[in-house]
Amino acid sequence: MSDTNADTHAGTNAGTNAGTDAGTDTRQLLDALYRDGLAHDAAQEDRLLRRRNLEPEAATLLSVVLQSMGATSMAEIGTSNGYSAIWFASALARRNGRLLSVDVDASVQAQARTNLEAAGLAATVELRTADGGAVLAELPDAGLDVLFLDSERPEYPHWWPHPVRVLRPGGLLAVDNVLSHPEEVAEFRALVERSAELESTVVPVGKGLLLATRLGT
């Protein structure tokens, strides 16, 4: 997904009867959105107009991590059609947590809102139409449990040091596509690996997840 995505018809009708009561309904909505995203992206030549949703295996892993660490505050940069936001909000809602999802494109955020409403999770997510780097720069120090980056990868180094600054000690930075697009994240990975404030690893799940925890107490 990307904070520069733009497709006014991105998956807003998929699974609109899904409810809040059962995980099965939410999972059916997620499956429908993911299938719709694959079909859309296969037919879309412009990379910036693709949805580029998080892979289900990576989404499942992050959901488990969020729940195991008891996360209640998270931000994601790159909303797309709300696929990943539904995964994250479902996990955060177990502890009455909140997700901030940022994208520069108001049309994809409208799609995401429709899908979040279908999942019964709209109240758990703040959708903010803005530049991801600008939002990170304005967030308070140590205010997030988790930050997820799934946006325009070459921009990430320009956001430094905010991806670290906004995390609490013990907080998690997660970055998608580090194995599928290694050249685009090489500079950012180098910053992460050189940082004395982070301990990181790359997990070969989905398209490759960089996971880094902020050290300290």
At their closest point, which heavy atom of [X] faces which heavy atom of [Y], and how far apart are they?
| X | Y | answer |
| --- | --- | --- |
| Ala212 | Ser200 | CB-CB, 3.7 Å |
| Leu215 | Ala196 | CD1-O, 3.7 Å |
| Val125 | Ala89 | CG2-CB, 3.6 Å |
| Leu54 | Phe88 | CD2-CZ, 4.1 Å |
| Gly143 | Ser73 | O-OG, 3.2 Å |
| Gly70 | Arg95 | CA-NE, 3.3 Å |

Looking at Val104, is its backbone amide N or carbonyl O close enough to the side chain of Arg128 to form a donor-acceptor pair, meaning the two atoms are under 3.5 Å apart?
no
Taking the side chain from Arg98 and the backbone from Leu92, do they hold a donor-acceptor pair closer than 3.5 Å?
no
No-hydrogen, no-angle side-chain donor-acceptor test under 3.5 Å, Gln67 and Ser63:
yes
Examine the side chains of Gln109 and Thr79 and answer whether a donor and an acceptor come within less than 3.5 Å of each other.
yes
Looking at [atom1] of [X] and [atom2] of [Y], how far apart are the two atoms once the value is rounded to the nearest 0.5 Å?
| X | Y | atom1 | atom2 | value |
| --- | --- | --- | --- | --- |
| Arg214 | Arg165 | CZ | CZ | 9.0 Å |
| Leu30 | Thr60 | CG | OG1 | 9.0 Å |
| Leu33 | Gln111 | CG | CD | 10.5 Å |
| Glu184 | Glu155 | CD | CD | 11.0 Å |
| Trp87 | Thr26 | CH2 | OG1 | 10.0 Å |
| Glu197 | Thr213 | CD | OG1 | 11.5 Å |

Here's a test for you: under side-chain contact (heavy atoms from CB on, under 4.5 Å), which of Leu210, Asp150, Leu209 qualifies with Asn177?
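Running side-chain contact (heavy atoms from CB on, under 4.5 Å) over Leu210, Asp150, Leu209 with Asn177 returns exactly one hit, Asp150.
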Criterion side-chain contact (heavy atoms from CB on, under 4.5 Å) against Leu100, the qualifying member of Leu139, Ile77, Leu127:
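Exactly one candidate clears the test, Leu139.
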Contact check, side chains of [X] and [Y], non-hydrogen atoms, under 4.5 Å:
| X | Y | result |
| --- | --- | --- |
| Leu173 | Leu167 | yes |
| Asp25 | Gln28 | yes |
| Ser90 | Leu121 | yes |
| Asp176 | Leu149 | no |
| Ile86 | Leu116 | yes |
| Trp160 | Ser195 | yes |
| Leu144 | Met74 | no |
| Pro163 | Leu136 | yes |

Determine, step by step, whether Asn81 and Asn115 satisfy the side-chain contact (heavy atoms from CB on, under 4.5 Å) criterion, reporting the C-alpha distance in whole Å, the side-chain angles of both residues, the deciding distance to 0.1 Å, and the verdict.
CA-CA 7 Å; Asn81 61 347; Asn115 293 326; 4.0 Å; yes
Determine, stepwise, if the pair Ser84 / Glu76 fulfils side chain to side chain donor-acceptor pair (under 3.5 Å).
CA-CA 9 Å; Ser84 58; Glu76 70 166 351; 2.8 Å; yes
Could you walk me through whether Thr129 and Asp103 pass the side-chain contact (heavy atoms from CB on, under 4.5 Å) test, one step at a time?
CA-CA 5 Å; Thr129 304; Asp103 202 292; over 6 Å; no
Does a sphere of radius 6.0 Å around CD in Glu199 hold more than 12 heavy atoms from other residues, nucleotides or ligands, not counting ones at 6.0 Å or beyond?
no
Can you classify the ring geometry of Trp159 versus Tyr156 as parallel (below 30°), tilted (30 to 60°) or perpendicular (above 60°)?
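Plane angle between 30° and 60°, so tilted.
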With the threshold set at 4.0 Å, does a side-chain nitrogen-carboxylate oxygen contact exist between Arg113 and Glu117?
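A salt bridge is absent here (no side-chain N lies under 4.0 Å from a carboxylate O).
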Using side-chain contact (heavy atoms from CB on, under 4.5 Å), reason through Leu66 and Phe148 one step at a time and then give a plain yes or no.
CA-CA 11 Å; Leu66 290 177; Phe148 178 63; over 6 Å; no
So Leu172 and Asp145, side-chain contact (heavy atoms from CB on, under 4.5 Å) or not? Walk me through it.
CA-CA 6 Å; Leu172 178 71; Asp145 293 319; over 6 Å; no
